[in-house]
Number of protein chains: 2
Amino acid sequence: MQEPTFLILTALAAQPLHGYGIIQSVITLSEGEVKLRPGTLYGALDRLAEQGLIEVEREEAVEGRLRRYYRLTDDGASALATEAERLRRRAAAAEAQLKDRAVPGFGHRAPGVA
Amino acid sequence: MQEPTFLILTALAAQPLHGYGIIQSVITLSEGEVKLRPGTLYGALDRLAEQGLIEVEREEAVEGRLRRYYRLTDDGASALATEAERLRRRAAAAEAQLKDRAVPGFGHRAPGVA
DNA sequence: ACGTCATATAACGTCAACCGTACTATCCGG
DNA sequence: CCGGATAGTACGGTTGACGTTATATGACGT
């Protein structure tokens, strides 16, 4: 699962949102790092709905414009939880390996050995 | 950055490895979840070397077979550290949002409000 | 009145990256 | 002699994200 997809699921985890609301939420959640483009968002939304991770909650017509609200399904929630867990383990593994990084000019032994 | 790429950098963080060694290391680091295929590995290796995140440390000929050892550069190490940090924040955001998840049959108020 | 921005979705085409598979080659064990 | 582990190369396919453009309306400024 890619970052944009992960962040869309994250945005929908707390409450149902429509497309544009997801874009705003993702900006907040990613601390401004990720600004979804329409092409990325609606493509991902279609894929996620097909996979059953999200579903259309309702369609609202506000001032002539259609608002389609998406909701995370139970499958989507558990997929997101699994993925979050995976990310934490990957980050921990990387940080552990970096700690073992060979220090230049330091005779190297097995890690953790004095 | 994708998962295979991240795991390759992780594998190289502790010490230089050759292609096949990276495959083995990634299996261990990912607890058996990720088994790199040659196409994925060598493609990623070329890309990472081009970006300056890894470099060839040395080439060894062992019993007629070439072994190319790759090493993480300083740039690569900081890119990996940055990415690990990002993963931890993404995981934390997802878990926080999931905690706010609307419980069906529970009148919902602002999160954290009694 | 007109332009522009924010809201809101759809529909392109493109590209990077990963994936599977097959191929080459050597050494070892059965 | 064959299969499996080791080690790397080559190639084609698919997915998913990306950028851009089009469409539509309301609000705001000039």
Side-chain angles (χ1 to χ4, degrees), chain A residues 1-12 16-30 33-70 76 79-80 83 86 90, chain B residues 1-12 16-28 30 32-54 56-70 76 79 83 86 90:
Chain A
M1 186 186 299
Q2 239 107 350
E3 203 186 21
T5 303
F6 181 81
L7 285 166
I8 290 169
L9 291 183
T10 298
L12 292 175
L17 290 171
H18 56 123
Y20 211 83
I22 294 173
I23 293 179
Q24 308 304 324
S25 177
V26 164
I27 291 173
T28 306
L29 287 168
S30 68
E33 280 171 37
V34 179
K35 288 180 223 280
L36 259 26
R37 316 283 164 165
T40 304
L41 175 68
Y42 293 105
L45 250 21
D46 288 347
R47 260 177 275 123
L48 289 169
E50 217 172 300
Q51 292 165 30
L53 302 187
I54 64 173
E55 60 191 8
V56 177
E57 194 207 26
R58 67 182 190 278
E59 287 179 345
E60 224 177 72
V62 178
E63 290 156 0
R65 281 191 295 270
L66 182 69
R67 272 189 193 170
R68 188 137 48 216
Y69 282 79
Y70 292 89
L80 179 58
E83 191 65 19
R86 174 208 283 276
R90 295 285 178 270
Chain B
M1 186 187 299
Q2 241 107 351
E3 203 187 20
T5 303
F6 180 81
L7 285 165
I8 290 167
L9 292 183
T10 299
L12 292 176
L17 290 171
H18 57 126
Y20 211 84
I22 294 172
I23 293 179
Q24 307 304 325
S25 178
V26 164
I27 291 173
T28 305
S30 68
E33 280 171 37
V34 180
K35 288 180 221 282
L36 259 27
R37 315 286 162 157
T40 305
L41 175 67
Y42 294 105
L45 250 21
D46 288 348
R47 259 177 276 124
L48 290 170
E50 217 172 300
Q51 292 165 29
L53 302 187
I54 63 173
V56 176
E57 195 206 26
R58 67 182 191 280
E59 286 178 347
E60 224 177 71
V62 178
E63 289 158 1
R65 283 191 294 271
L66 182 70
R67 272 187 193 170
R68 190 138 45 216
Y69 281 81
Y70 292 90
E83 190 65 19
R86 173 208 283 275
R90 294 289 177 267

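Residue numbering restarts at 1 for every chain, and letters A, B, ... go by the order of the sequence lines.
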Protein-nucleotide distance ([X], atom [atom1]; [N], atom [atom2]), rounded to Å:
| X | N | atom1 | atom2 | result |
| --- | --- | --- | --- | --- |
| A:Met1 | D:dG16 | CE | P | 10 Å |
| B:His18 | D:dT6 | NE2 | P | 9 Å |
| A:Leu36 | C:dT9 | CG | P | 13 Å |
| B:Gln51 | C:dA17 | CD | C1' | 11 Å |
| A:Leu66 | C:dA10 | CG | P | 7 Å |
| A:Tyr70 | C:dA8 | OH | P | 14 Å |
| A:Ile23 | C:dA10 | CD1 | C1' | 13 Å |
| A:Leu45 | C:dA10 | CG | C1' | 12 Å |

Let me know, please, whether A:Thr40 or A:Arg67 comes out on the 5' side of the other along DNA chain C by nearest nucleotide.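 Looking at the nearest nucleotide for each, A:Arg67 comes out on the 5' side.
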If the cut-off is 4.0 Å, is [X] near the phosphate of [N], judged by side-chain N/O to OP1 or OP2?
| X | N | result |
| --- | --- | --- |
| A:Arg68 | C:dT9 | no |
| B:Thr5 | C:dC18 | yes |
| A:Arg37 | D:dC18 | no |
| A:Tyr42 | C:dA10 | no |
| B:Tyr20 | D:dT6 | yes |

More than 12 heavy atoms of other groups within 6.0 Å of B:Glu59 CD: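 Yes, CD of B:Glu59 has more than 12 neighbouring heavy atoms, counting only those of other groups under 6.0 Å.
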Looking across every strand, which nucleic acid part, if any, lies under 4.0 Å from A:Pro38 by heavy atom: base, sugar-phosphate, or nothing?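 Touches a base.
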Base, sugar-phosphate, or nothing for A:Gly39, non-hydrogen atoms under 4.0 angstrom?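 The residue A:Gly39 makes base contact.
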Is B:Ile54 close to B:Ile8 at the side-chain level, that is, under 4.5 Å between some pair of heavy atoms?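 Side-chain contact under 4.5 Å: no.
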Is A:His18 close to A:Tyr70 at the side-chain level, that is, under 4.5 Å between some pair of heavy atoms?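 Heavy-atom side-chain distance check fails, nothing below 4.5 Å.
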Quickly, which of B:Val34, B:Leu36, B:Leu17 forms a side chain to side chain contact (heavy atoms under 4.5 Å, CB included) with B:Ile23? Name it, please.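 Of the listed residues B:Val34, B:Leu36, B:Leu17, the side chain to side chain contact (heavy atoms under 4.5 Å, CB included) partner of B:Ile23 is B:Leu36.
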How long is the straight-line distance from CZ of B:Arg68 back to CZ of B:Arg58, given to the nearest 0.5 Å?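 It comes to 13.0 Å.
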